[in-house]
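What follows is a set of notes on a single structure, which appears directly below.
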Amino acid sequence: MGQDKPASVRPASSVTSWDREADVVVVGYGAAGACAAIEASAAGLSVLVLERTSGGGGTSALSTGQLYLGGGTAIQKACGFEDSAEEMFRYLSAASGPGQDDEKIRLYCDNSVEHFDWLVAHGVPFKESYYGEGSYTPTDDCLSYSGSELASPYRDIAKPAPRGHTVQQDGIEAGGALMRALVAAVEATEADVLADALCETLVQDESGRVVGVVARVDQEEQAIRAHRAVILTAGGFILNKDMVARYAPLLAKCAYPAASVGDDGRGIRMGMGAGADAIRMNVGCVVLPFTVPKKLMHGIFVNRQGQRFINEDQYQTVVGEAALEHQDGRVWLILDSETYCKPFAPLRDDEPVVGETAEELERNLGMPEGSLQHTLAYFNEHAERGEDPLFHKAENYLKPLVPPYAALDYSTKNALYTVFTLGGLRTNTRAEVLDPDGEPIPGLYAAGRTTSGLAAQGYSSGLSLADGTFFGRRAGQAAKRA
Ligand SMILES: Cc1cc2nc3c(=O)[nH]c(=O)nc-3n(C[C@H](O)[C@H](O)[C@H](O)COP(=O)(O)OP(=O)(O)OC[C@H]3O[C@@H](n4cnc5c(N)ncnc54)[C@H](O)[C@@H]3O)c2cc1C
């Protein structure tokens, strides 16, 4: 059977004996799984975490360790920024759609300060410092604008506040520091961890309740009983070529999967096998790295027709999504001699296409006659007055572009489009996995990239670790009532 189909379930009646048991079985030991285990254990439940690799970490440990948190966290306050759950909700609701789950976003915003405090109480280090604008924090600083809060239209929808909270680095990348803290917090509980345990299928009883999993441990199949809940926190599916081809073929054009070995979609397929709905499976976080150095943001992105399609001060994943999904991944960044520089993330062909005039550049790029000339003339005329009537790019990034010109090829063939999947199992605010009728599948919970989370489409940096840790906790808490 292809690797894109629901994984078959094992009927409980066929399990003659169980090799292990726990109240709660957590499948996958990344950030979401660790948080689920901590909360389930705190609720007095016995917990067994199953991890296919040799220890905790997953993609979370490879990440740059930024979490989207706000509403007035201690760091925001210490750095002098005002924020509220309401402003955060307005931003996220507008920036994370269409199709965003407002109920989840509302719950997350209302509890974001508590979630920040919980992370700190469990040893996750954050420095009381503000880095500035931009999703990536190369220093050990914490706070930054990590989405499109300052860009149109969002700056008019919600009062901007920096909400990217990067875990303090300590000789290792911030994602490693996050997982080091969470693994230590799990180890401080009664939870058991079984490494090198590859989960393959769920066990379901006649009533449809999920009662365990089947895992391959030391090359042997083991049946593991979950008395209350199985929590799927096994990452996304960007490394599963069959699933990407079936559900998200556009994402296959991106050169660099942001992933670790577990992102093969097994967790999602296990859930689907038990009757779960999988939603927004076409959506990915598509990072187009053009914002470092910031100088580049003064340029304008154009498509094959020489036309602009977005304000270039939006978060780089929003630009990436727009370029990939609406411009066939074929776009150029037009710069002049003052704004041109080599981007931080390498392009395969670093040599720009140049032109002494707009007309020459247009010809060298093979664009329709007059198209790019018109775009530049129109852009310059308004930029001169600090205006951008088409897309309302912020004034501080507006300046007329004067000849000679250079164009950097940001097509999918040439630029490092980085991607991970955002689609997955449909869950509710209690992290219960839902069937296509919206009914919870008894005994089954999920969080992190095994699910569709806070960002339905538009992504702001830090949302993946944010919803993974938060709804991982919700799953662990809900298991008590299961
Ligand atoms: C370079 C890079 C930078 C990033 N930066 C950020 C950032 O700053 N902020 C942000 O929010 N996101 C970031 N991301 C994305 C983010 O890291 C992931 O989306 C997030 O960590 C997913 O967390 P998770 O807990 O769902 O999955 P993971 O952390 O991947 O954990 C899943 C675990 O499940 C295990 N597993 C998988 N299948 C099975 C199975 N069948 N049986 C048993 N175990 C299994 C895996 O081995 C893994 O340990 C970044 C990603 C990369 C690669």
Side-chain angles (χ1 to χ4, degrees), residues 7 25-37 48-69 134-137 144 146-147 163-167 169 173-179 182-183 193-202 213-217 224 230-240 256-271 284-285 287 289 317 345 416 418-422 424-425 446-455 459-472 475:
V25 173
V26 177
V27 177
Y29 195 8
C35 291
L48 177 60
V49 182
L50 302 173
E51 167 55 44
R52 64 181 285 171
T53 68
S54 55
T59 308
S60 304
L62 301 180
S63 77
T64 41
Q66 188 169 56
L67 290 94
Y68 200 89
L69 294 152
S135 59
Y136 179 58
T137 314
S144 67
S146 66
R163 303 193 182 96
H165 287 62
T166 299
V167 175
Q169 302 175 23
E173 276 288 336
L178 170 70
M179 282 314 298
L182 291 178
V183 165
V193 175
L194 184 64
D196 301 311
L198 175 68
C199 298
E200 296 185 316
T201 180
L202 292 169
V213 305
V214 175
R216 192 151 289 279
V217 184
I224 300 167
V230 172
I231 302 177
L232 296 172
T233 49
F237 67 90
I238 197 63
L239 295 185
N240 182 324
Y256 180 68
S260 64
V261 65
D263 289 307
D264 67 353
R266 188 79 202 186
I268 295 172
R269 294 177 57 222
M270 285 167 71
C285 167
V287 183
T317 64
L416 199 70
T418 304
V419 66
F420 61 89
T421 54
L422 289 174
L425 300 180
R449 293 292 55 82
T450 301
T451 67
S452 170
L454 291 175
Y459 186 79
S460 299
S461 184
L463 276 179
S464 183
L465 289 171
D467 76 35
T469 52
F470 182 76
F471 289 101

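Just so you know, ligand 1 is whichever comes first in the structure, and atom 1 is the first atom listed for that ligand.
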Nearest non-hydrogen contact with [atom] belongs to which option: [options]?
| atom | options | answer |
| --- | --- | --- |
| atom 15 (C) of ligand 1 | Phe420, Tyr29, Tyr459 | Phe420 |
| atom 7 (C) of ligand 1 | Gln66, Glu173, Met270 | Gln66 |
| atom 19 (O) of ligand 1 | Ser54, Ser464, Gly56, Gly265 | Ser464 |
| atom 22 (C) of ligand 1 | Arg449, His165, Glu200, Arg269 | Arg449 |
| atom 27 (O) of ligand 1 | Ala215, Ala36, Gly235 | Gly235 |

Geometric N/O contact [X] with ligand 1, under 3.5 angstrom:
| X | result |
| --- | --- |
| Ala32 | yes |
| Thr59 | yes |
| Ser60 | yes |
| Cys199 | yes |
| Thr450 | no |
| Leu465 | yes |
| Asp264 | no |

Please check this pair: side chain of [X] against backbone of [Y], looking for a donor-acceptor N/O pair closer than 3.5 Å.
| X | Y | answer |
| --- | --- | --- |
| Ser460 | Gly147 | no |
| Thr233 | Gly28 | yes |
| Gln169 | Ala174 | no |
| Thr451 | Ala447 | no |
| Thr418 | Leu416 | yes |
| Glu51 | Thr53 | yes |
| Thr166 | Gln66 | no |

For ligand 1, the portion of Ala61 having any non-hydrogen atom under 4.0 Å away: neither

Ligand 1 versus Val261: contacting region, heavy-atom distance under 4.0 Å: neither

Under 4.0 Å to a heavy atom of Thr233 - the qualifying atoms of ligand 1, by number: 32 (C), 33 (C), 34 (O)

For [atom], find the nearest protein heavy atom and state the residue, atom name and distance (0.1 Å precision).
| atom | value |
| --- | --- |
| atom 52 (C) of ligand 1 | Ala258 CB, 3.8 Å |
| atom 39 (C) of ligand 1 | Arg52 CD, 3.5 Å |
| atom 35 (C) of ligand 1 | Glu51 OE1, 3.2 Å |
| atom 34 (O) of ligand 1 | Gly28 CA, 3.1 Å |
| atom 1 (C) of ligand 1 | Leu62 O, 3.6 Å |
| atom 31 (O) of ligand 1 | Gly30 CA, 3.3 Å |
| atom 6 (C) of ligand 1 | Ser63 CB, 3.6 Å |
| atom 37 (C) of ligand 1 | Ala234 O, 3.1 Å |

Closest approach of Val49 to Ala37 (non-hydrogen atoms, all atoms of both residues): CG2-CB, 3.7 Å

Test item: side-chain donor near acceptor, Ser146 and Ser461, under 3.5 Å: no

Presence of salt bridge, Glu200 and Arg266, under 4.0 angstrom: no

Residue from Thr317, Val287, Leu454 passing side-chain contact (heavy atoms from CB on, under 4.5 Å) with Tyr459: Thr317

